[in-house]
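Note that these values count all heavy atoms, side chains included, but never hydrogens, waters or copies made by symmetry.
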Amino acid sequence: MSSAPRSPTPRAPRMKKDESFLGKLGGTLAKKKKAREVSDLQEEGKSAINSPMSPALVGVHPEDALLEENEERTMIDPTSREDPKFKELVKALLDWINDVLAEERIVVRQLEEDLYDGQVLQKLLEKLADRKLNVAEVTQSEIGQKQKLQTVLEAVHDLLRPHGWALRWNVDAIHGKNLVAILHLLVSLAMHFRAPIRLPEHVSVQVVVVRKREGLLHSSHISEELTTTTEMMMGRFERDAFDTLFDHAPDKLNVVKKSLITFVNKHLNKLNLEVTELETQFADGVYLVLLMGLLEGYFVPLHNFYLTPDSFDQKVHNVSFAFELMLDGGLKKPKARPEDVVNLDLKSTLRVLYNLFTKYKDVE
């Protein structure tokens, strides 16, 4: 690697004001001195990268070697970036953001580069929360960007904090393009707003932490958990009677299941349909749609749903349609997500059916 660029107007990354002023005053001598400092720091970086303490740390950018004393920088280990579950998580979040912001004609291609300045995050939160934030529309300066981020993140915190979310991000991390912090933020938003996506479970990454102490770079690895199970992320702070039944009273759970089977068959039998397994027979949404028609006393046109769904998306469409019929019937929005019912999550299915039982148990 060359020790210094020879252009008369070098573009040094993240050059500080006093450094650029020094360069103007000191001319060639200052340039050579700075080049030696950069070279020395890069050697320190290579040494830290290749040390036994951090064998997987490769490809640190030269900028990452230019740390102040006790300054710390983190990055995702390159091997973790190649993990299929990590890639699936990033893709799912990207697709979700682009779907939410489609009407705004915003296309996000790279999370770190497109979200760090707060502009896209502002639009995303406004769309999800259906509220307008009092921030400048376009901010070019770093101070302006951080002020916008501060406002956006405070609004996020107001939404999430009452529900017990651990807030594992801050303005500096997001603006510093810390992908781990950005992913924590997006996963929390997706779960809070019940995004119609299925995030891969148990996604963890190895994070490399580089810190400068006494003039030397030291590196270490930590494991960062980005997702747990969908149930834990969705319901950790929304426990209800079904959580208690599952955890502590499996015998009573079987009684509830039998009661619900009796309830749904009382109505589905009118169409010569029979339910024996709650876990599987509602997963494609067909019985849910038909059951809503029977309970509310109307015929559901067959062109509104898939009578023989053969794909995940078609099943999600059916369950989502059934949820719409429930809302039309005066029920609250189901706590479960359509995707959870399609994915054979028994607790989600029981919650949906129990809500129907509560309202329609006396319907003949």
Listed once per pair and sorted, the ring-ring contact (aromatic ring centres under 6.0 Å, His included) pairs that draw on residues 66-85, sequence neighbours left out: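 Found none.
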Would [X] and [Y] show up in the same hydrophobic cluster when neighbours are defined by side-chain heavy atoms closer than 4.5 Å?
X	Y	result
V275	L344	no
I143	I174	no
Y116	V107	no
V203	I197	yes
F321	L327	no

Rounded distance (nearest 0.5 Å) linking atom [atom1] of [X] with atom [atom2] of [Y]:
X	Y	atom1	atom2	result
L111	I97	CG	CD1	5.5 Å
Q206	D77	CD	CG	6.5 Å
S188	F193	OG	CZ	11.0 Å
L93	E88	CG	CD	10.5 Å
E71	L217	CD	CG	10.0 Å
L121	K148	CG	NZ	10.0 Å

Run the side chain to side chain donor-acceptor pair (under 3.5 Å) test against [X] and tell me which residues pass, sequence neighbours left out.
X	answer
T74	N178
E104	none
W169	H157
S348	D345

Using side-chain heavy atoms (C-beta onward) and a distance below 4.5 Å, is [X] in contact with [Y]?
X	Y	answer
E277	I261	no
L226	H184	yes
F86	I76	yes
T358	Y354	yes
W96	L189	yes
E279	K257	yes
I106	V108	yes
L167	L160	yes

Sidechain N-carboxylate O distance under 4.0 Å for R131, E126: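 E126 and R131: not salt-bridged.
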Check ion pair E225-R168 (N to O, under 4.0 angstrom):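 Salt bridge flag = no for R168 with E225.
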Output a table of donor-acceptor pairs, distance under 3.5 Å, between side-chain atoms of residues 282-297 and any protein atom two or more places apart or on a different chain; print 'none' if there are none.
from	atom 1	to	atom 2	distance (Å)
D284	OD1	V286	N	3.1
E296	OE2	Y360	OH	2.4

Chi angles and distances behind the side chain to side chain contact (heavy atoms under 4.5 Å, CB included) call for V209, H221: CA-CA 6 Å; V209 183; H221 281 68; over 6 Å; no
Test item: side-chain donor near acceptor, D313 and S311, under 3.5 Å: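 Checked: D313/S311 side chains show no N/O donor-acceptor pair below 3.5 Å.
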T228 and E201 side chains, donor-acceptor separation under 3.5 Å: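 Per modelled atom types, E201 and T228 side chains form no pair under 3.5 Å.
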Passing option when I222 is tested against V180, V208, V207 for side chain to side chain contact (heavy atoms under 4.5 Å, CB included):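 Of the listed residues V180, V208, V207, the side chain to side chain contact (heavy atoms under 4.5 Å, CB included) partner of I222 is V207.
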Where T349 and V341 come nearest, the two heavy atoms and their spacing: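 Looking at all heavy atoms of both residues, the shortest contact is OG1-CG1, 3.9 Å.
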Exercise: identify the closest heavy-atom pair between N355 and L331: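 Minimum heavy-atom separation between N355 and L331: O-CD2, 3.8 Å.
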R213: partners by side-chain contact (heavy atoms from CB on, under 4.5 Å), with sequence neighbours left out: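 Listed in chain order: E69, N70, R211, H218.
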Residues forming a side-chain contact (heavy atoms from CB on, under 4.5 Å) with H202, sequence neighbours excluded: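 H202: side-chain contact (heavy atoms from CB on, under 4.5 Å) contacts with K85, T229.
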Mind checking salt bridge (charged side-chain N to carboxylate O under 4.0 Å, His left out) for [X] and listing every partner two or more places apart, or none if nothing turns up?
X	value
E112	R81
D172	K146
K258	none
K315	none

Step-by-step salt bridge (charged side-chain N to carboxylate O under 4.0 Å, His left out) determination, D95 to K91: CA-CA 6 Å; D95 290 345; K91 184 179 185 306; 2.7 Å; yes
Pair R105-E103, salt bridge (charged side-chain N to carboxylate O under 4.0 Å, His left out): steps then yes or no: CA-CA 5 Å; R105 298 185 178 181; E103 293 181 1; over 6 Å; no
Residue pair Y306, H317: steps toward the ring-ring contact (aromatic ring centres under 6.0 Å, His included) verdict: CA-CA 8 Å; Y306 298 96; H317 169 88; 5.3 Å; yes
K332 atom NZ: more than 12 heavy-atom contacts under 6.0 Å: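 No - once you tally the heavy atoms of other residues, nucleotides and ligands closer than 6.0 Å, there are 12 at most.
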Enclosure of D328 CG (heavy-atom neighbours >12, cutoff 6.0 Å):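 Yes, enclosed.
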Q281 and T276: CA distance, side-chain angles, deciding distance, side-chain hydrogen bond (donor to acceptor under 3.5 Å, both in side chains) verdict: CA-CA 8 Å; Q281 287 181 270; T276 57; 3.2 Å; yes
